Amino acid sequence: MPEGPELHLASLFVNRMCEGVVFSGPVKKSEVSKSPDVSFSCEAYCITATSRGKEVKLTLTPIKSDDAKRRARPGQADQPMDIVFRFGMSGYFRFTTEDELPKHAHLRFYTKEKPRRVLSFVDPRRFGSWQPNGTWQPDRGPCIMFEYKSFRENVLSHLPDRAFDRPICEVLLNQKYFNGVGNYLRAEILYRLNIPPFVPARDVLEGLPSDDLLVSGKPLKNEITDTKTPVRTKKKGVKQETSDLLRLCHTVPLEVVKLGGKGYDPEKADYSAFQAWLQCYYVDGMNSIRDHNGRTMWFKGDPGPMAPKNSKSPKAKKRLKKEDDHDYTAKKKVAKGRSVATRKTPALKEEKVTKTPKKEKKAGPKEAVSKRGKAGKIQEINTPRRGTRSNSRRRKSSPAKSAAGSQT
DNA sequence: CGTCCACGTCTAC
DNA sequence: TAGACCTGGACGG
């Protein structure tokens with residue numbers, strides 16, 4: 001769940017659930033967490049949240065009472081404390097009763113009332129982290145959703161940076177410039193403009209105006225919202241004044257915030273809405289290959305000139321999946337089924353690269369014990385394959401629907 | 001039961 | 001440019 005939209009929804013969730021709620025006592029950390037202890041304890045305090053890109057900041061504010069000011073006891077906070085969170089791959093907040101504490105609740109804030117309730121930072125994989133007395137990470141750029149103007153200027157004023165030598169799909173994950181974009185957003189954003197993912201980033205960014213009028217108000221013509229003109233765009237040399245890449249880095253995530261899944265609350269999250277929203281990521285029929293950092297890039301059509309020449313699309317076999325988790329809005333993927341080509345790559349699959357001299361490296365001997373990092377490689381270039389009835393299975397909840405078709 | 005995969009950083013060779 | 005860091009769900013056998 002955690003890309004910019006989910007982090008923002010998490011902050012809205014905290015503000016909504018904790019409004020008017022009084023917390024008390026120490027902040028508790030789980031035994032297994034390696035993040036810092038939060039030495040904050042107070043008889044009465046409230047909690048508010050804000051987000052910026054892929055970070056959420058909680059502010060614990062002591063509630064002053066005549067009693068408290070009178071004798072400031074040691075160990076009792078009287079000053080506010082900020083805690084900045086990063087969610088890793090699986091972080092989220094929950095607000096439950098004490099006896100319904102979720103598994104993997106690594107940082108907990110208890111309410112003052114009797115049957116206590118608990119605001120928890122839950123993170124099964126523990127890739128997330130927090131910093132007491134923290135500030136927004138200095139190397140991260142402006143938020144793509146709520147600091148659009150400076151985000152845009154930051155990118156366009158640094159195009160000479162070698163970082164932009166890389167393929168656009170990889171640069172989109174660089175948080176120094178695209179704070180809030182994650183793996184599903186980069187796929188959805190590039191798909192909307194039909195930009196091949198492995199094209200040099202600078203090539204697609206240079207020439208864009210540093211000032212987007214959208215900021216000042218009226219959205220000009222937006223491809224999707226335009227009711228009259230069909231989506232064409234491609235074809236015809238009509239350059240058309242549709243949204244450019246940087247604007248989509250702002251508007252696409254805001255669409256997810258708008259879906260908001262019922263304002264959050266993992267319990268009743270409605271994934272089908274998010275799934276129906278996805279047009280490319282994990283959608284059956286789309287192509288996927290691993291980028292230079294081993295992350296799966298989903299796209300349609302041509303991968304572009306800088307596509308990794310050897311690596312391929314991840315494991316042909318298991319695609320499917322389900323949709324997993326909770327998430328504030330919703331998340332996950334899997335769209336409707338359709339097996340595209342049907343051809344499933346017969347042999348191949350498991351074996352490794354037949355030749356490929358250089359690399360063999362480990363593996364050779366005993367093989368890699370447990371973890372095996374990268375997996376097999378297989379060569380062969382992109383192009384689908386995996387299809388196989390993807391969704392065919394998808395048991396579990398969600399059957400359905402998916403809704404109304406349409407999409408797109 | 002074992003393998004593969006996951007919405008993300010970090011840091012070490 | 002590779003691992004490391006983790007848990008758990010979907011699948012395959």
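In what follows, every chain begins at residue 1, and chains take the letters A, B, ... in the order their sequences are listed. In this text, all values refer to a predicted model and were calculated from it rather than measured experimentally.
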For DNA chain B, what string of dots and brackets results from 5' to 3' when Watson-Crick and G-U pairs need both distances under 3.5 Å, crossing pairs get [ ], and pairs with another strand get |? ||||||.|||||.
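B/dC5 and C/dG13 are spaced 15 Å apart, taking the P atom of each and rounding to whole Å.
Phosphate proximity of C/dG8 to A/His104: present, with a side-chain N or O under 4.0 Å from OP1 or OP2. Between A/Lys103 and C/dT7 there is no side-chain N or O to OP1 or OP2 distance below 4.0 Å. Applying the 4.0 Å criterion to OP1 and OP2 of B/dG8, one finds that A/Arg126 has every side-chain N and O outside that range. When the side-chain nitrogen and oxygen atoms of A/Arg166 are compared with OP1 and OP2 of C/dT1, one or more of them lie within a distance under 4.0 Å.
A/Pro167 has its side chain out of reach of A/Asp291: every pair of non-hydrogen atoms, C-beta onward, lies at least 4.5 Å apart. Contact of the A/Phe13 side chain with the A/Asn15 side chain is not registered, since no non-hydrogen atoms from C-beta on lie closer than 4.5 Å. Taking the side chain as every heavy atom from C-beta outward, A/Tyr177 and A/Asn154 approach each other to under 4.5 Å.
When ring centroids are compared, A/Phe87 and A/Phe93 come within the 6.0 Å threshold.
Between the CZ atom of A/Phe85 and the P atom of B/dG8 there is a distance of 18 Å, rounded to whole Å. B/dA6 atom P lies 13 Å from atom CE of A/Met297, rounded to whole Å. Between A/Asp291 atom CG and B/dA6 atom P there is a gap of 11 Å when expressed in whole angstrom units. The nearest whole Å value for the distance from the OH atom in A/Tyr92 to the C1' atom in C/dG8 is 12 Å. We find that CZ of A/Arg290 is positioned 14 Å from C1' of C/dG3, with the value rounded to whole Å.
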Please list every donor-acceptor pair under 3.5 Å in which a side-chain atom of residues 44-53 of chain A meets a protein atom from a residue at least two apart or in another chain.
residue : atom : partner  : partner atom : Å
A/Ser51 : OG   : A/His8   : ND1          : 3.0
A/Arg52 : NE   : A/Glu147 : OE1          : 3.0
A/Arg52 : NH1  : A/Gly141 : O            : 3.4
A/Arg52 : NH2  : A/Gly141 : O            : 3.2

Using a cut-off of under 3.5 Å, enumerate the N/O to N/O pairs linking the protein to nucleotides 9-11 of chain B.
residue : atom : partner  : partner atom : Å
B/dT9   : OP1  : A/Arg140 : NH1          : 3.0
B/dT9   : OP1  : A/Arg140 : NH2          : 3.0
B/dT9   : OP2  : A/Lys54  : NZ           : 2.4
B/dC10  : OP1  : A/Arg86  : NH1          : 2.6
B/dC10  : OP2  : A/Gln137 : OE1          : 3.3

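No hydrogens or angles considered: nothing links the side chains of A/Ser39 and A/Asp37 as a donor-acceptor pair under 3.5 Å.
With respect to A/His250, the ring-ring contact (aromatic ring centres under 6.0 Å, His included) criterion is satisfied by exactly one of A/Tyr148, A/Phe178, A/Phe151: A/Tyr148.
Between the side chain of A/Glu3 and the backbone N or O of A/Tyr184, at least one donor-acceptor pair lies under 3.5 Å.
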